[in-house]
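Below: one structure, written as structure tokens.
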Amino acid sequence: MKGIATDRSVSPSASEVPPPPSADDVRFMRRALELAERGAGRVSPNPKVGAVIVRDGVVVGEGWHAEYGQAHAEVAALQVAGPHARGATAYVSLEPCNHTGKTGPCAEALIAAGVSRVVFAAPDPNPKAAGGAARLAAAGIDVAGGVLEREALDQNAPFFFAARGADRPFVTLKLAISIDGAIVDASRQTGWLTGQEARAAVHMLRAESDAIAVGIGTAIADDPALTVRLAAPPRTSPLRVVFDRKARIPLTGQLVRTARELPLLDFTDGSRPDAEAALRAAGVEIVAVGSAAEALRQLGTRGIRQLLVEGGAALGSSLLEAGLVDRLVIFQAPVILGAGALSAFAAFPTQRAGLAPRFRVVERTALGADLMTVYAVSGD
């Protein structure tokens, strides 16, 4: 029986530390991660997974989990590879599953195809699906794990967050800011800070989310629709959410006018029953809560795994202060708004330079003239 190797040290003994992954292992795993992204917006609550089948240094099959309930990445790649999979190496961005759900066990499919080696990035955290690596090793297949694991964990961060037993959604806070950190100019007139490419990226974030939330200030000032328009339609339209303590959301705004076609959930404090009754009559669901944390737990009970919060200085700062943000996505436009502009973090408590916590940078991407930076806030 061949063992399961990993590129991470599991022993203080240098002789027991496995060698780092080869350049080919890294290259083909990076391709598997790229393929996994093609399932964005279509596979939740499953993770995004990509697979590459390589024989004698040549890619003979590629696949990805394209749709919830359909073939997993390994099976899709094996179908392309056909008989060329025998004796090949399979690269998979998540440990092959070892259970039967809507599809059969991917570990068994790899064994049946005759692959000689399987390399995966991150172990499957789901107890029902885990064990694929051990099953493969028991069948005499050489198995290596942990190649580009950090990238794989980041790619499916909401999936791993839920698997750890979280009682709330994984929260991504998105802010569009100027070079000087402002979200709106001194006139408080709304307008686009970023260009078309950045706005399309925001809609991709929406498509991947189970729910999209704004604060009441943003709902009133921007009159948003909170729908996916500049990206491929997701499998399920995200739930629209407003944090609105005093039930002030306008009955004439886009969100309320469309509440019967696209669900709208309004979190209030229950202090204005007449205003809440008018919103209910318009098709809005009202839920009274005592805090943002309680609101997030309410979303968790509804199966909301990934929540995108779109700006607002007050809501964003309050969630950050309460430790309820897991990813911070900043779209920075190459403009300066100057004196009187509203800082994105105007409501955040003062921090001392040199003592403020530093966030890990997950990604930096130029989008036209704008810069998107993704920060890991929750420390994972």
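The structure presented is a predicted model; accordingly, all values stated were derived computationally and were not measured.
- Distance check, rounded to the nearest 0.5 Å: CZ of Arg364 to OH of Tyr375 gives 5.0 Å.
- You'll find the side chain of Pro334 reaches within 4.5 Å of the side chain of Asp370, heavy atoms only.
- When atom types are taken as modelled, the side chain of Glu95 and the backbone of Asp124 share a donor-acceptor pair closer than 3.5 angstrom.
- Contact of the Ile141 side chain with the Ile111 side chain is registered, since non-hydrogen atoms from C-beta on lie closer than 4.5 Å.
- Atom CD of residue Gln254 and atom CG of residue Asp223 lie 4.5 Å apart, to the nearest 0.5 angstrom.
- Ile304 and Val289 end up in the same hydrophobic cluster when Ile, Leu, Val, Met, Phe, Trp and Tyr side chains are linked at under 4.5 Å.
- Side chain to side chain, Asp24 and Ser22 fail the donor-acceptor criterion of an N or O pair below 3.5 Å.
- Closest non-hydrogen pair, Ala259 versus Ala282, comes out as CB-O, 3.9 Å.
- Of the possible donor and acceptor atoms, none in the side chain of Asp185 sits under 3.5 Å from a partner among the backbone N and O of Leu337.
- Put simply, Ile286 and Leu239 are part of two different groups of oily side chains (I, L, V, M, F, W, Y) that touch within less than 4.5 Å, one to the next.
- The main-chain N or O of Gly368 is found under 3.5 Å from a side-chain atom of Glu197 such that the two form a donor-acceptor pair.
- With hydrogens and angles ignored, the 3.5 Å screen pairs a side-chain donor or acceptor of Arg206 with a backbone N or O of Thr227.
- Rounded to the nearest 0.5 angstrom, Ile177 CD1 and Leu193 CG are separated by 9.0 Å.
- Residue Thr268 forms a side chain to side chain donor-acceptor pair (under 3.5 Å) with just one option from Arg245, Arg248, Glu276, and that option is Glu276.
- Residues Glu74 and Pro96 form a side-chain contact, since some pair of their non-hydrogen atoms from C-beta on lies under 4.5 Å apart.
- For the pair Thr252/Val256, no side-chain contact is recorded, criterion being any heavy-atom separation below 4.5 Å from C-beta on.
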Could you check His72 against Cys97 for side-chain contact (heavy atoms from CB on, under 4.5 Å), going step by step and ending with a plain yes or no? CA-CA 9 Å; His72 286 188; Cys97 66; 3.8 Å; yes
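- The line from CZ of Arg31 to OG of Ser93 is 12.0 Å long, rounded to the nearest 0.5 Å.
- What you find for Ala176 and Thr194 is that their closest heavy atoms are CB-CG2, 4.2 Å.
- In this structure a side-chain-to-backbone donor-acceptor pair under 3.5 Å is missing from Glu62 to Val52.
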Salt bridge (charged side-chain N to carboxylate O under 4.0 Å, His left out) between Arg168 and Asp326: does it pass, once the steps are laid out? CA-CA 11 Å; Arg168 65 166 177 85; Asp326 304 293; 2.9 Å; yes
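- Screening Gln155, Glu208, His65 for a side chain to side chain donor-acceptor pair (under 3.5 Å) with Lys48, the sole residue that qualifies is Glu208.
- In this structure a side-chain-to-backbone donor-acceptor pair under 3.5 Å is missing from Glu321 to Ser317.
- With hydrogens and angles ignored, the 3.5 Å screen pairs a side-chain donor or acceptor of Arg42 with a backbone N or O of Pro234.
- In summary, Asp25 and Arg117 engage in a salt bridge, as defined by a charged side-chain N under 4.0 Å from a carboxylate O.
- A donor atom on one side chain and an acceptor atom on the other are found under 3.5 Å apart for Lys246 and Ser271.
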Checking side chain to side chain donor-acceptor pair (under 3.5 Å) for the pair Arg240/Thr258: CA distance, chi angles, key distance, verdict? CA-CA 11 Å; Arg240 303 177 303 167; Thr258 58; 2.9 Å; yes
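- Side-chain atoms of Ile53 and Thr89, non-hydrogen and from C-beta on, never get closer than 4.5 Å to each other.
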Evaluate the side-chain contact (heavy atoms from CB on, under 4.5 Å) criterion for residues Val309 and Val214: first the C-alpha distance (whole Å), next the side-chain angles of each, then the deciding distance (0.1 Å), finally the verdict. CA-CA 6 Å; Val309 178; Val214 294; over 6 Å; no
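- Using a 4.5 Å cut-off on side-chain heavy atoms (C-beta onward), Leu78 and Leu110 make contact.
- In terms of modelled atom types and a separation under 3.5 Å, the side chain of Asp244 and the main chain of Ile249 share a donor-acceptor contact.
- Residues Ala275 and Ala247 come closest through the heavy atom pair CB-O, 3.8 Å.
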Does the side-chain contact (heavy atoms from CB on, under 4.5 Å) test come out yes or no for Asp210 and Leu307, once each step is laid out? CA-CA 6 Å; Asp210 300 315; Leu307 174 67; over 6 Å; no
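- Here CD of Glu363 is found 3.5 Å from CE of Met372. Values are rounded to the nearest 0.5 Å.
- The aromatic rings of Phe267 and Phe243 sit tilted, their planes meeting at an angle between 30° and 60°.
- Looking only at distances, a side-chain donor or acceptor of Arg235 sits under 3.5 Å from a matching main-chain atom of Ser44.
- Using a cut-off of 4.0 Å between Lys/Arg side-chain N and Asp/Glu carboxylate O, Arg280 and Glu285 are scored as not salt-bridged.
- The shortest side-chain heavy-atom distance between Leu320 and Phe348 falls under the 4.5 Å cut-off.
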Would you please test Leu205 and Val329 for side-chain contact (heavy atoms from CB on, under 4.5 Å) and show each step? CA-CA 10 Å; Leu205 290 175; Val329 183; 4.2 Å; yes
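- A donor-acceptor distance shorter than 3.5 angstrom exists from the side chain of Arg305 to the backbone of Pro45, with no hydrogens or angles considered.
- At most 12 heavy atoms of other shown residues, nucleotides or ligands fall within 6.0 angstrom of atom NE2 in His84.
- A donor-acceptor pair shorter than 3.5 Å can be found between the side chains of Gln196 and Arg199.
- Within the 4.5 Å cutoff, the side chain of Leu296 has heavy atoms near those of the Pro169 side chain.
- At a cut-off of 3.5 Å, with distance as the only test, no side-chain donor of Gln332 or Ser178 sits close to an acceptor on the other residue.
- A distance of 6.0 Å separates CZ in Phe28 from OH in Tyr91, rounded to the nearest 0.5 Å.
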